[in-house]
Each structure stands twice: as structure tokens, then as C-alpha cells.
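Naming convention: chains lettered A, B, ... in sequence-line order (proteins, then strands); numbering from 1 in each chain.
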Amino acid sequence: NAGVTQTPKFRVLKTGQSMTLLCAQDMNHEYMYWYRQDPGMGLRLIHYSVGEGTTAKGEVPDGYNVSRLKKQNFLLGLESAAPSQTSVYFCASSGSGRPAGELFFGEGSRLTVL
Amino acid sequence: GQQVMQIPQYQHVQEGEDFTTYCNSSTTLSNIQWYKQRPGGHPVFLIQLVKSGEVKKQKRLTFQFGEAKKNSSLHITATQTTDVGTYFCAGDNAGNMLTFGGGTRLMVKP
């Protein structure tokens, strides 16, 4: 019953460093999403994917890149981390996109950029 | 772009009191979803509303979708300490992504 798994759960970076967050789902879902959560601002969509090999921009894509080489994995990359990217990142997956179906979230990855 | 506003941002209640959070969208929605996030946890799906004027109940929780499909509410009757958390609405405007409201953080005093 893994569902959606995110790694790592915690990470501290220095400004300018790069890193990749990995999201893996075992529910055979087509749709996968990366959100960031900041206090008082809810969840904001960074990038999403409607299937293997596809990616699209969300509300706040700048400074991030994503890849979906395998259906079960969705990677979020930060090429040059900035303090403004300090946040909690959530990955989610869904079995449908139009209309939007229930989102299954991972436990989150807390990133601090110094 | 689509905006989803949620009020209030915070709510303190005494255990046993009722609680309501409201969600308003700048555009007509095809459906709306509600999620609960416990402190330190991740959002968990509660329900989805699709039809205009729809009302759904889950035990002490009542969810409504407005007639114009631009607003929604979540009402909790007789709150318990287990209701503590942040409640989010998320609107679908028939695109590929949900837009989340800012959330209402519920705190319950025992």
C-alpha cells in the first residue's frame, strides 16, 4: 500500500546548488503533479504530466524542470536553488484529469535553501 | 487565470461548536473537491461535488456546491478535536489542473 512516495523527505541546500526530487506511484495513474505549499498560500501547481513522456507548466513553473520518463515516476529538478524556493513540495497522482479526479498525495518533501 | 478564494483563513472553535468554511471561484467550475490536511501531514481527499446545487454529507460534515457552480462550503457540526487541520477546496474549470484555495485552518479547544 505504498501509494505515492517522495524522496527525499528533507533537504537543505545552499543557494545555487541543484537537486532532484523523486516521486513514485504504484497505482498506474496517468496524471501526476508537483505542488509547492507555502504558509497561507495553499497549494500551487508547479508542473504536471498527463502521461508518460509528457509535461506541462502549472501556475508557478519558473526555476523548476520536470521529467516523466516512466509512467510511475515524476521528477522535479531545481537547477540553481534560490531562497524563494524554500517550501514544502508535494507530489500527487490521479487516475483521471478531465474532469479532475481525486488526487493522492505523497507525504511531502521539505526543502530549505540557505 | 482562475482564482479560488477561501474564507476564513483561520478559525478557533470550542469543541462542540459548529464550523463552516467558504470557497469562491472567479470562474464557473466543472467540479469542486475538498481536502483535509492534518498538522504536519499531507492533503487527503474528502469529497467531490459535480452537480449544481449538490449537497453531500459525510457523518458530521456537509458539503454544498452552489447553484452557479462558482462557490462551495463545508460545514462541520459539533466539532471534535479530531477535526483539527486545514481544509482546502480545489476547483476544476475543465482544464487539466485543479486550483486550490488558500485553506482554512481549524483549531478546536477541548
Side-chain angles (χ1 to χ4, degrees), chain A residues 1-6 9-10 21 23 25 27 29-51 54-61 66 68 74 87-110, chain B residues 1-11 21 23-52 54 56 58 63 65 69 72 85-105:
Chain A
N1 292 342
V4 178
T5 304
Q6 292 181 228
K9 290 186 170 44
F10 301 93
L21 296 175
C23 177
Q25 53 96 3
M27 295 173 282
H29 284 168
E30 289 291 340
Y31 296 81
M32 296 188 73
Y33 308 84
W34 275 107
Y35 289 90
R36 60 176 289 172
Q37 184 173 36
D38 302 294
M41 299 189 73
L43 292 143
R44 292 182 294 167
L45 183 65
I46 304 171
H47 285 281
Y48 65 98
S49 169
V50 301
T54 74
T55 63
K57 294 180 180 180
E59 303 170 66
V60 289
V66 288
R68 184 115 181 254
F74 195 29
S87 188
V88 180
Y89 292 85
F90 286 100
C91 175
S93 72
S94 175
S96 63
R98 290 194 177 194
E102 173 184 352
L103 295 182
F104 294 82
F105 283 87
E107 294 186 351
S109 299
R110 183 174 295 275
Chain B
Q2 179 190 7
Q3 291 188 337
V4 177
M5 306 299 292
Q6 208 174 334
I7 56 170
Q9 193 172 359
Y10 304 95
Q11 182 90 58
T21 173
C23 183
N24 290 286
S25 170
S26 59
T27 61
T28 302
L29 302 171
S30 60
N31 70 74
I32 194 159
Q33 299 180 15
W34 285 91
Y35 290 79
K36 177 183 179 181
Q37 184 177 22
R38 295 182 186 276
H42 59 278
V44 174
F45 176 83
L46 293 176
I47 207 161
Q48 182 178 64
L49 304 172
V50 179
K51 298 178 182 176
S52 169
E54 189 170 16
K56 286 188 176 180
Q58 289 180 349
F63 303 85
F65 200 9
K69 300 184 76 174
S72 181
T86 302
Y87 293 84
F88 292 98
C89 63
D92 176 12
N93 65 351
N96 274 322
M97 50 186 176
L98 290 170
T99 300
F100 280 78
T104 296
R105 183 178 171 191

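Annotation: side chain to side chain contact (heavy atoms under 4.5 Å, CB included) contacts of A/Met27 (sequence neighbours excluded): A/Val4, A/Gln25, A/His29, A/Ser93, A/Phe104. The side chain to side chain contact (heavy atoms under 4.5 Å, CB included) search around B/Gln9 returns none, not counting sequence neighbours.
Looking at heavy atoms from C-beta onward, B/Tyr35 lies in side-chain contact with A/Leu103 at the 4.5 angstrom threshold. Side chains of B/Leu98 and A/Tyr48 form no contact here, defined as non-hydrogen atoms less than 4.5 Å apart.
The two atoms that bring A/Gln37 and B/Gln37 nearest to each other are NE2-OE1, 2.8 Å, heavy atoms only. Minimum heavy-atom separation, B/Pro43 to A/Phe105: O-CD1, 3.4 Å.
The neighbour count for A/Arg68 CZ, taken as heavy atoms of other residues, nucleotides or ligands under 6.0 Å away, is above 12. Counting heavy-atom neighbours within 6.0 Å of A/Glu107 CD, excluding the residue itself, gives a total of 12 or less.
Chain B forms more heavy-atom pairs under 4.5 Å with one residue of A/Gly58, A/Ala92, A/Gly101, A/Ser94 than with any other, namely A/Gly101.
Interatomic distance, B/Ile47 CD1 to A/Glu102 CD, rounded to the nearest 0.5 Å: 11.0 Å.
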